[in-house]
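Structure, as structure tokens:
Nothing here was measured: the structure is a model prediction, and the numbers come from that model. What's counted below: heavy atoms across the whole structure, side chains too, no hydrogens, waters or symmetry copies. So you know, we letter chains A, B, ... as the sequences are listed, proteins then strands, and number each from 1.
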Amino acid sequence: MQKELKIYNTLSGQKEVFVPIHADKVGMYVCGPTVYSDVHLGNCRTFISFDMIYRYLLYLGYKVRYVRNITDAGHLENDADEGEDKISKKARLEELEPMEIVQKYTVGFHAILKQFNTLPPSIEPTATGHIIEQIEIVKDIIAKGLAYESNGSIYFDVEKHNQKHDYGVLSKRKIEDLISGTRDLDGQDEKRSPLDFALWKKASPFHIMRWPSPWSQGFPGWHLECTAMSQKYLGSRFDIHGGGMDLKFPHHECEIAQGEAVNGHSPVNYWMHANMLTLNGKKMSKSTGNNLLPEELFTGNTDLLDQGFHPTVARFFMMQAHYRSELDFSSEALKASEKGFHKLMNGIKALDKLPTANTSSENVELLLIRLHDAMNDDFNTPILIANLFEIISFTNKVNDGNASVTEKDLNDLKTVIHSMVFDVLGLTFLEEVGNDKLAGTMEVILTLRKNARDQKDWGTSDLIRDKLSEVGIQIKDGKEGTSWTIS
RNA sequence: GGUCCUGUGGCCGAGCGGUUAGGCACCAGUCUGCAAAACUGUGUACAGCGGUUCAAAUCCGCUCGGGACCUCCA
């Protein structure tokens, strides 16, 4: 029987036993990207983390509805009134229609995530596709007296809302501290309080992305789309809401406030936050330029790396750290992971040809329980991987004749390891063989080399090996003949 | 300035009251014509100072580093 899954809930600050609202079903919402520029590796880490979480929930047998939005409505660059919206700005810079920008970067986002072998969400709604729903929510909040109009824009009245609810529950902030700690920003005169946030913004004359509303030609506030779409597809209260740590405040805090304002209760049971990927010890960020593009990682075409890394290796690297820990990106760490990755994959391949015996020298059942324990403990993938290495070490000993395993145990091992590595961690074998013609050519070359070796013509033998190495093909002499890999 | 997180062996990275996580590197060994690859074995580290406890990397206090959020960001 499956042990219970525990999830760290940001709301309570501790791990809690996961109990879904409807048995066997999970509703999960994850904040997606704003599609105005290329996703960088830090963005990817969050989506890969939640992909792993989605995969494990599926593995446990839950029917999961996974909703991840695309933010394609232009939001302002800052909280000031006169800022240009990000998508319009990019459109101007690239001389494209705003919707061309949205399309371009949405397609790019999907292409990158596919390379990282992430599963597509069940629903991927867009903000611009839910303007009507958002307007309805604004009307509702106004009707409840928790929002006010100011010069065609609508703002959420945080202090009034705080009288009945606790604004700051998620990020552990007190409203008094927030008020006193507010920075002075330009153009906030429309708001009654600096804490108030926009539900609807009146568009300035040059703002292209705009929609009609009862209050003005304008566009919805950033926090509103997630409330509208999560409520529409998952209901007014659902199980899991995820996103990057940097969205905790104010974005998720505002989502809670909006949900409470509309429905009278908190919208989410378990809030999950994935931690940042850092570069040089600092958070990767679009605005500061401290980031790395996936493409640069794959090709190695950057000063930060001296070689490229396969997406699945990068994914493995990320899985070796817990999703709630910061992870610092470096070439050295990647290289170490790459070797470990090969060790794991070689071990898995070797599973197919392992000899079996009447007894097992290890308690296989216990080894498998540990795998599940790790994942049930708030998706602890580093522990999972450590345990996988322990198992591989055992099976390698079986391979060397220094340990034994029964056929049943071996089959159990294979089943669970395959599930964990491919289905849950989402890793893949690196494709090795180029094509049939290359394979045929290599066969010829290796035959010639074998002939040379049989005649102890080491000069020819080593020449073939070295020249192949120069073009990126590694030769490995083993007991069962010579194999080769493309590096 | 406020709120919160964090500091682990050469590097990455788990653990968070008592059992030497794991990976990489290093070193040694097996294999090999030599290599490479692969496999095996070896490391008692927890920022500093105090305290609580039979017992602390793990709890508490202070000091010193690093980071996130408080403005758009995953």
Side-chain angles (χ1 to χ4, degrees), chain A residues 13 30-34 36-37 39-50 71 75-80 83 85-86 168 171-174 176-178 180-183 185 194-195 222 242-251 253 273-278 281-288 291 316-317 320-322 324-330 332-344 346-347 350 370 374 377 380-390 392-393 396-397 399-400 402 453 456-458 461-462 465-466 469 474-479 482-485:
Chain A
V30 173
C31 290
T34 303
Y36 71 101
S37 65
V39 278
H40 63 246
L41 213 55
N43 300 315
C44 293
R45 164 130 96 147
T46 296
F47 301 124
I48 290 170
S49 292
F50 284 102
T71 299
H75 295 299
L76 296 178
E77 293 233 286
N78 54 45
D79 216 13
D85 91 64
K86 285 179 291 194
S171 53
K172 312 281 181 279
R173 282 158 212 260
K174 290 193 175 66
E176 306 84 63
D177 296 339
L178 285 167
S180 64
T182 310
R183 298 179 194 176
L185 290 169
L195 292 189
W222 176 40
M245 207 76 112
D246 50 354
L247 296 185
K248 215 193 308 188
F249 189 91
H251 185 56
E253 203 72 72
H273 293 277
N275 217 138
M276 301 292 102
L277 183 64
T278 62
K282 295 254 166 59
K283 169 189 175 183
M284 281 198 198
S285 164
K286 284 182 185 176
S287 52
T288 61
N291 63 35
F316 179 72
F317 166 70
Q320 277 192 296
H322 189 88
R324 278 191 292 112
S325 297
E326 278 178 19
L327 175 62
D328 195 53
F329 184 91
S330 73
E332 291 68 31
L334 252 309
K335 274 189 210 167
S337 273
E338 186 176 44
K339 294 208 174 168
F341 172 80
H342 285 126
K343 180 176 185 168
L344 181 64
N346 285 334
R370 284 202 194 124
D377 184 16
N380 199 324
T381 53
I383 295 284
L384 170 70
I385 291 171
N387 290 336
L388 284 169
F389 276 114
E390 295 277 2
I392 291 304
S393 175
N396 282 340
K397 279 179 195 156
N399 194 223
D400 292 346
N402 296 323
R453 295 182 74 210
K456 299 203 191 302
D457 178 2
W458 310 128
S461 162
D462 292 351
R465 181 216 285 160
D466 296 344
S469 175
Q474 260 61 55
I475 297 264
K476 294 168 193 167
D477 293 324
K479 270 186 222 153
T482 302
S483 62
W484 57 279
T485 54

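One finds the NE2 atom of His40(A) at 7.5 Å from the CG atom of Leu277(A) (value rounded to the nearest 0.5 Å). The distance from atom CG of Asp246(A) to atom OG1 of Thr46(A), rounded to the nearest 0.5 Å, is 7.0 Å. Rounding to the nearest 0.5 Å gives a distance of 7.0 Å between OG of Ser171(A) and CG of Leu178(A).
Separating the P atom of A35(B) from that of U30(B) is a span of 12 Å, rounded to the nearest Å. Distance check on atom P: G61(B) versus C5(B) gives 12 Å, rounded to whole Å. One P atom belongs to C49(B), the other to C54(B), and the distance between them is 23 Å to the nearest Å. To the nearest whole angstrom, the two P atoms, one in U6(B) and one in A38(B), are 36 Å apart. Taking atom P in both G41(B) and G22(B), one finds a spacing of 11 Å when rounded to whole Å. A57(B) and G17(B) have their P atoms separated by 13 Å, given to the nearest Å. Comparing the P positions of G48(B) and C11(B) gives a spacing of 15 Å, expressed to the nearest Å. Distance noted for atom C1' between G9(B) and C60(B): 27 Å (whole Å).
When rounded to the nearest whole Å, the span between CZ of Phe389(A) and P of C12(B) equals 18 Å. Rounded to whole Å, the distance from CG on Asp177(A) to C1' on G2(B) is 6 Å. Put simply, CG on Asp328(A) is 8 Å from P on C12(B), counting in whole angstrom units. One can place NZ of Lys282(A) at 7 Å from P of A68(B), the figure rounded to the nearest angstrom. Look at CG on Asn275(A): it is 11 Å from P on G13(B), rounded to the nearest Å. Taking atom NZ on Lys174(A) and atom C1' on C4(B), their separation rounds to 12 Å, with Å as the unit. Here the P atom of nucleotide G67(B) and the NZ atom of Lys248(A) are 18 Å apart, to the nearest Å.
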Under 4.0 Å protein heavy-atom contact, by nucleotide of nucleotides 35-44 of chain B - B base, S sugar-phosphate only: BBSSSSS---
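Under the 4.5 Å side-chain criterion, counting only non-hydrogen atoms from C-beta, Tyr36(A) is not in contact with Thr71(A). The side-chain heavy atoms of Ile392(A) and Leu344(A), taken from C-beta on, include a pair separated by under 4.5 Å. With a 4.5 Å cut-off on side-chain heavy atoms, Asp377(A) and Ile383(A) do not count as touching. No side-chain heavy atom of His273(A) sits less than 4.5 Å from a side-chain heavy atom of Leu247(A). The side-chain heavy atoms of Arg453(A) and Thr482(A), taken from C-beta on, include a pair separated by under 4.5 Å. Side-chain contact between Lys286(A) and Asn43(A) is present, with heavy atoms from C-beta onward closer than 4.5 Å.
The side chain of Met284(A) sits closest to A74(B) out of G22(B), A74(B), U3(B). Nearest to the side-chain atoms of Trp458(A) among the listed nucleotides G33(B), A74(B), U3(B) stands G33(B). Taking every side-chain heavy atom of Arg173(A) into account, C69(B) is the closest of G22(B), C69(B), G33(B). Distance from the side chain of Ala336(A) is smallest to C24(B) among C24(B), C69(B), A68(B). Considering only the side chain of Phe249(A), C70(B) comes nearest among G33(B), G22(B), C70(B).
Across all strands shown, the partner of G7(B) is C64(B), judged by Watson-Crick or G-U wobble contacts whose two distances both fall under 3.5 Å. The pairing partner recorded for C54(B) is G18(B), the criterion being a Watson-Crick or G-U wobble arrangement whose two distances lie under 3.5 angstrom. Using N1 to N3 plus N6-O4 or O6-N4 for Watson-Crick, or N1-O2 and O6-N3 for G-U wobble, each under 3.5 Å, C39(B) pairs with G29(B). Shown here, C69(B) forms a base pair with G2(B); the pair counts as Watson-Crick or G-U wobble because both key distances fall under 3.5 Å. Taking a pair to require two hydrogen-bonding distances under 3.5 Å in either a Watson-Crick or a G-U wobble arrangement, C34(B) remains unpaired.
Place Phe317(A) and Ala274(A) on RNA chain B by their nearest nucleotides, and Phe317(A) ends up nearer the 5' end.
Lys283(A) comes within 4.0 angstrom of a base, heavy atoms only. Residue contacts for Asn387(A): at a heavy-atom cut-off of 4.0 Å it reaches no nucleic acid atom on any strand shown. Among the heavy atoms of the strands, none lies under 4.0 Å from Glu338(A). Gly32(A) comes within contact range of the sugar-phosphate backbone alone, with a heavy-atom separation under 4.0 Å but no base atom that close. In this structure, Arg45(A) reaches neither bases nor backbone, as no heavy-atom distance under 4.0 Å exists between it and the strands shown. Residue-level contact check: Gly243(A) touches the backbone only, with heavy atoms under 4.0 Å from sugar-phosphate atoms and none from bases.
No donor-acceptor pair under 3.5 Å is formed between the side chain of Ser461(A) and the backbone N or O of Asp457(A). Without hydrogens or angle criteria, Asn380(A) side chain to Ala374(A) main chain gives no donor-acceptor distance under 3.5 Å.
Asp462(A) and Arg465(A) are joined by a salt bridge, as a carboxylate oxygen and a charged side-chain nitrogen come within less than 4.0 angstrom of each other.
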Could you write out each protein N or O paired with an N or O of nucleotides 14-16 of chain B at a distance under 3.5 Å?
residue	atom	partner	partner atom	Å
A14(B)	OP1	His322(A)	N	2.8
A14(B)	OP1	Ser325(A)	OG	2.9
G15(B)	OP1	Asn380(A)	ND2	3.1

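Listed pair Lys286(A) / C72(B) fails the phosphate criterion, with no side-chain N or O lying under 4.0 Å from OP1 or OP2.
Counting atom types as modelled, Thr278(A) pairs no side-chain N or O with a base atom of G67(B) as donor and acceptor under 3.5 Å. Donor-acceptor pairing under 3.5 Å, judged by distance alone, is absent between the side chain of Ser171(A) and the base of C69(B).
Across all non-hydrogen atoms, the minimal contact from Thr278(A) to Glu326(A) is CG2-OE1, 4.1 Å.
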